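What you see is a predicted model, and the numbers here were worked out from it, not measured in a lab. Counting starts at 1 for both ligands and their atoms, in listed order. Along the sequence shown, the residues carry numbers beginning at 1. FYI, side chains are in, hydrogens and waters are out, and symmetry mates aren't considered; it's all heavy atoms of this structure.
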Amino acid sequence: MKKIHAGLRKLYKHDPIKADQWVFNRSSSPISRRGFLSGLSRMSAILGAEIVFSQYMPSGVIPAALADETEPFRIEGKHPQLVVLNDRPINAETPAHLLDDRVTPADKLFVRNNGIPPKSVDAENWKLTVDGESAVKPMTFSIADLKSNFKHYTFQLTLECGGNGRSEFDPPAQGNQWTTGAVGCPAWSGVRLADVLSAVGVKEDAVYIGYYGADSHISLKPNKVSISRGVPISKAMEDETLIAWAINGQDLPAMNGYPLRLVIGGWPASVSGKWLKRVSIRNRVHDGAKMGGYSYRVPCTSVAPGVDVDEQDMCIIESMPIKSLITFPRSGVWQPLRDKMIFRGHAWAGDLSVERVDISIDFGQTWKRMHLEKPSNRLAWQHFSGQIKFPKKGYYEVWARASDQNKTAQPMVVPGWNPKGYLNNACHRIAVKVV
Ligand SMILES: Nc1nc2c(c(=O)[nH]1)N[C@H]1C(S)=C(S)[C@@H](COP(=O)(O)O)O[C@H]1N2
Ligand SMILES: [Mo]
């Protein structure tokens, strides 16, 4: 390990500038901003005019009049290099090289909104209701109640959108064209959902929980719900399942569910309800918005690409598949032939643990095992690192392939096609030019 670290320092010194010269930069979205602004009234005051149609303005967007055209689209509280895939609702992913931190900083955590986040949040008066057919005695908690009545826990938990990698499916699937960046693994703090459910009382016939958030449907119709998903009671009761108010010791960012959210590691992040207002203990599989049809469901048995699949042949996604990401160096780097190249990244496997990560520089002909660390806790991603020397100058692709504890490995090509393009866990690859 010592050797690796010495190598890392060296690489850090000369790598980034060269990388930028060769990396193909994506064009940025035309909407942009200058400075840090928040709040509709503040923005109106600065503009000196009411923002007509402000109800349709995506929250987090800075009016173009205040924006500096040369800066890319920015989302409040988020790193400027997050790639915005949609601005209504806001969806943004993190480039692989920005996910290099062991613990994902809040500003680098992707944003996946199905609807419109609450415009103003009063955390002091925020209420969480726990109810449902299988609740013994429905109860309502303030955040202060949660903080003072239950034990606090902090876990590093991997959140990955079920649609991460969707852009690679063929025929293409509709929806946000996520590449690799709808994943992150920050440290979350809060109370155990299990402790809160137990305080309310869980009846014998409970099978599922479902969440409701304070965000609005994209149509802004008050009777419509953008998303209301859940998990079986056994997953809800796991030690690591949290009702969280903090990310890396700070309040949740507005776009990631401030002031309260569920965090359920290892499953599609769509089960981790943001802006959490209500948890229902259900005596049936939760039937909220985006639990049925083609949402977050895949064909129960594999199908040919592009075929029509009956709704009744679709099954709810549970644990996410084995996957890995090379976070250093960034794709497009130049590498001197005489030096060994250092690699770093993370691997995760839903409810399982990662057993090994291998790297190939010859399109999968041969593989070299990387050093793999234990997770900081169950359901946290695991870091890998290693080094490789290239045989001669030229263009290479470096592929990473992880295997889980059951020896299931990532596929080298896009896995089973499904109508909505979920669960693409194909090997991540980066481009390297050896000079
Ligand atoms: N209330 C609410 N919760 C939600 C969503 C949402 O739109 N509204 N999106 C879900 C989906 S599909 C994902 S992938 C994760 C994204 O979490 P993040 O935006 O904090 O990264 O939140 C989930 N929880
Ligand atoms: Mo998602």
Atom 15 (C) of ligand 1 sits nearest the protein heavy atom A269 O, 3.4 Å
Would you say ligand 1 has an N or O under 3.5 Å from any N or O of N113? no
Starting from atom 6 (C) of ligand 1, find the nearest protein heavy-atom neighbour and note its residue, name and distance. I227 CG2, 3.3 Å
May I ask you to check if ligand 1 and F110 share an N or O to N or O distance below 3.5 Å? yes
Check this for me: does any side-chain nitrogen of one of R356 and D358 sit under 4.0 Å from a carboxylate oxygen of the other? yes
Please check if the distance between the ring centroids of Y212 and H286 is under 6.0 Å. yes
Which atoms of ligand 1 have any heavy atom of Y211 under 4.0 Å away? 3 (N), 4 (C), 24 (N)
Polar proximity ligand 1 side, S272 side, N/O cut 3.5 Å exclusive: yes
To check your reading of the model: name the closest protein heavy atom to atom 2 (C) of ligand 1, its residue, and the distance in Å. D215 OD2, 3.4 Å
With a 4.0 Å cut-off, would you call K235 and D351 a salt bridge? yes
Any idea which protein heavy atom is nearest atom 9 (N) of ligand 1, and the distance to it? N114 ND2, 3.1 Å
Can the ring centres of F328 and F343 be said to be less than 6.0 Å apart? no
What residue and heavy atom of the protein are closest to atom 18 (P) of ligand 1, and at what distance? N256 ND2, 3.4 Å
Within the structure, is a non-hydrogen atom of G273 found at a distance of less than 4.0 Å from ligand 1? yes
Under 4.0 Å to a heavy atom of C161 - the qualifying atoms of ligand 1, by number: 14 (S)
Measuring from non-hydrogen atoms of Y296 to any atom of ligand 1, is the shortest distance under 4.0 Å? yes
salt_bridge(R284, E133) N-O dist < 4.0 Å: yes
For R261, is the nearest heavy atom under 4.0 Å from an atom of ligand 1? yes
Residue list, side chain to side chain donor-acceptor pair (under 3.5 Å) with D287, at least two apart or on another chain: R282
Do NZ/NE/NH1/NH2 and the carboxylate oxygens of R278 and D131 come within less than 4.0 Å? yes
Between E238 and R378, is there a salt bridge with N-O shorter than 4.0 Å? yes
Lys/Arg-Asp/Glu bridge criterion (N-O < 4.0 Å) met for R102, E373: yes
Below 3.5 angstrom, do we get any N/O pair linking K274 and ligand 1? yes
Do S270 and ligand 1 have an N or O pair less than 3.5 Å apart? no
Is there side-chain contact between H383 and R344, with at least one heavy-atom pair below 4.5 Å? no
Using a strict 4.0 Å cut-off to heavy atoms of V111, name the atoms of ligand 1 that fall inside it. 19 (O)
